[in-house]
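Below: one structure, written as structure tokens.
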Amino acid sequence: MKRFFTAFLSFVLALSCCFAAYAAPKSEVGAALESSVEFAFDGNYSKNGYNAGTSKYLYILALSGADVSAFLQDYFSDVFARLDSGGLTDPGTIGMAAEIARITGRKDEHARLLAPLENTSAAVSSPYNYYYAAAAAKNAGLDDAARAYAEAMAQYYVPGEGTDFWNGYGTSPDDLAMFILTELAAGERAELVSDAFALLEAYRTNEGYSNYGANADSTALALAAYSAAGSTQKAHDACRLLLSNFYDEETGGFAADYDEYYATADAVFALSLYLPLAEDEPQEEASSEEPEKEEASPSGGGSSGGEKSPKTGAPLVWAAAAAAALSSAFIISKRRGVSE
């Protein structure tokens with residue numbers, strides 16, 4: 001059945017110029033999200049609780065809408081102890097903590113994290129962490145800090161080539177997606193975002209987005225980027241690729257050659273952003289023959305004001321410039337011959 005569905009999906013995508021992408025129903029996405037949380041978090045990351053060093057996983061868990069209240073006291077005690085001792089300076093980790101506090105309604109902790117979040121001169125442990133810092137700053141109304149983090153991320157980007165985070169190893173769909181998410185979060189650099197979207201599409205295969213082979217992480221992060229931008233048809237397509245190629249019904253998580261828990265955590269992040277765009281029932285509709293206009297009209301939950309997701313209570317982080325960026329990305333991809 002899975003092989004038949006994958007073949008059918010490939011046929012549908014081959015006709016994408018005539019039909020919209022087949023959307024996974026909201027019930028299917030929600031079920032995959034719930035089982036993934038059970039597999040990767042209840043079954044692994046949550047077993048020993050959370051501290052500053054595992055902020056990413058508690059952030060993703062909170063973003064999914066799961067109840068994280070049992071972890072918060074010990075988590076914030078560790079975060080503030082490290083802040084007070086000077087052992088925590090990474091703005092990405094601080095941004096994750098700020099988002100956890102915001103999502104869970106911990107106003108006092110959130111307020112205490114804003115000053116260190118504004119320290120934009122502090123080094124990040126990974127370029128990916130610029131996203132968490134920029135998103136947290138933007139959601140807190142610290143626009144100057146959000147722009148500063150997006151600017152730092154943009155220093156890694158070369159138009160037409162993409163990012164180089166790893167000293168000469170070039171770009172990847174994962175890296176491009178995190179760059180896009182960061183710039184959208186801060187509302188910056190529409191031209192570079194459109195360039196990055198065009199490059200991202202070159203990594204799409206019928207088996208998923210490929211980074212040395214199609215894999216769940218790359219596909220999930222592509223889904224996150226399109227979801228954050230409100231690009232419904234591209235997001236529907238990426239979600240179908242993720243679910244049909246990597247979802248493991250036996251474990252309830254997502255399959256990977258290296259670390260299934262890590263891959264599943266990335267999938268939970270992406271599905272949490274995608275869920276408001278998912279449809280109640282799968283549909284296959286005729287397109288307007290102007291796909292760039294569809295891409296330029298985010299639907300189902302995005303707004304430059306940080307509209308709340310009905311599932312997670314977290315904002316769908318995308319910029320007002322995302323619409324123009326996506327439209328430009330479609331045109332650029334056509335000029336470069338990138339497959340849709």
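Since we're looking at a predicted model, the values are computed, not measured.
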Test applied, ring-ring contact (aromatic ring centres under 6.0 Å, His included); reference residue, Phe254; option that passes from Phe269, Tyr261, Tyr247: Tyr247
Worked verdict on Tyr130 versus Phe179 for ring pair (Phe, Tyr, Trp, His ring centres under 6.0 Å): CA-CA 9 Å; Tyr130 284 124; Phe179 171 81; over 10 Å; no
Same cluster (ILVMFWY, side-chain, under 4.5 Å), Ile180 and Trp166: yes
Side chain proximity check, Phe41 to Ile60, heavy atoms < 4.5 angstrom: yes
Inter-residue atom distance Asp237.CG - Leu242.CG, 0.5 Å rounding: 11.0 Å
Inter-residue atom distance Tyr75.OH - Ser55.OG, 0.5 Å rounding: 2.5 Å
Charged tip of Arg106 within 45° of Phe76 ring normal and under 6.0 Å: no
For the student: nearest non-hydrogen atoms of Ala235 and Leu277, plus distance: CB-CD1, 4.1 Å
Carboxylate-amine/guanidinium contact Asp78 Arg82, below 4.0 Å: yes
Inter-residue atom distance Thr163.OG1 - Leu192.CG, 0.5 Å rounding: 11.5 Å
Glu151, CD atom: more than 12 neighbouring heavy atoms under 6.0 Å: yes
Asp175 (side chain) donor-acceptor with Met178 (main chain) under 3.5 angstrom: no
Aromatic ring proximity, centroids under 6.0 angstrom, Tyr156 and Phe165: yes
N/O donor-acceptor pair under 3.5 Å between Ser36 side chain and Ala32 backbone: yes
Non-hydrogen atoms of Gly170 and Asp164 that approach each other most closely: N-OD1, 3.5 Å
Side-chain donor-acceptor contact under 3.5 Å, Asp195 with Tyr157: yes
pair Leu176-Leu221: side-chain heavy atoms closer than 4.5 Å: no
Whether Ser218 side chain and Asp174 backbone form a donor-acceptor pair below 3.5 Å: no
Residue pair Ser126 / Asn129, side-chain donor-acceptor N/O under 3.5 Å: no
Over 12 non-hydrogen atoms of neighbours within 6.0 angstrom of CG in Asn48: no
Leu61 and its side chain to side chain contact (heavy atoms under 4.5 Å, CB included) partner, picked from Val268, Ile100, Val68: Val68
Atom pair OG1/CG of Thr205 and Asn245 - distance to nearest 0.5 Å: 7.5 Å
Residue pair Tyr149 / Glu183, side-chain donor-acceptor N/O under 3.5 Å: no
Check: Pro91 and Val124 side chains under 4.5 Å, non-hydrogen atoms: yes
Minimum heavy-atom distance between Glu188 and Val193, given as atom pair plus value: O-CG2, 3.9 Å
Close side-chain approach of Glu34 to Phe39, heavy-atom, < 4.5 Å: no
Over 12 foreign heavy atoms within 6.0 Å of CD, Glu250: no
Side chain Asp90, main chain Ser125, donor-acceptor under 3.5 Å: yes
Chi angles and distances behind the side chain to side chain contact (heavy atoms under 4.5 Å, CB included) call for Asp266, Lys56: CA-CA 10 Å; Asp266 277 351; Lys56 174 185 173 181; 3.7 Å; yes
Worked check of salt bridge (Lys or Arg N to Asp or Glu O under 4.0 Å) between Glu99 and Arg102: CA-CA 5 Å; Glu99 282 296 273; Arg102 185 189 62 79; 2.9 Å; yes
Smallest separation among heavy atoms of Gly30 and Leu275, with atom names: N-CD1, 4.0 Å
Residues Ser69, Thr104; criterion side chain to side chain contact (heavy atoms under 4.5 Å, CB included); working and verdict: CA-CA 8 Å; Ser69 58; Thr104 58; over 6 Å; no
Considering all heavy atoms, the nearest Leu241-Phe246 contact: O-CD1, 3.9 Å
Linked, directly or transitively: Tyr128 and Tyr169 (ILVMFWY side chains, under 4.5 Å): yes
Pairwise side-chain contact, His110 with Lys107, heavy-atom cut-off 4.5 Å (strictly under): no
Inter-residue atom distance Leu199.CG - Thr171.OG1, 0.5 Å rounding: 7.0 Å
Where Ala98 and Ala136 come nearest, the two heavy atoms and their spacing: CB-CB, 4.2 Å
Step-by-step side chain to side chain contact (heavy atoms under 4.5 Å, CB included) determination, Phe80 to Leu113: CA-CA 9 Å; Phe80 289 116; Leu113 290 162; 3.9 Å; yes
Distance in Å, Ile94 CD1 paired with Leu88 CG, rounded so as to fall on 0.5 Å steps: 4.5 Å
Criterion side chain to side chain contact (heavy atoms under 4.5 Å, CB included) on Leu200 and Tyr226, from CA distance to verdict: CA-CA 10 Å; Leu200 179 60; Tyr226 284 120; 3.9 Å; yes
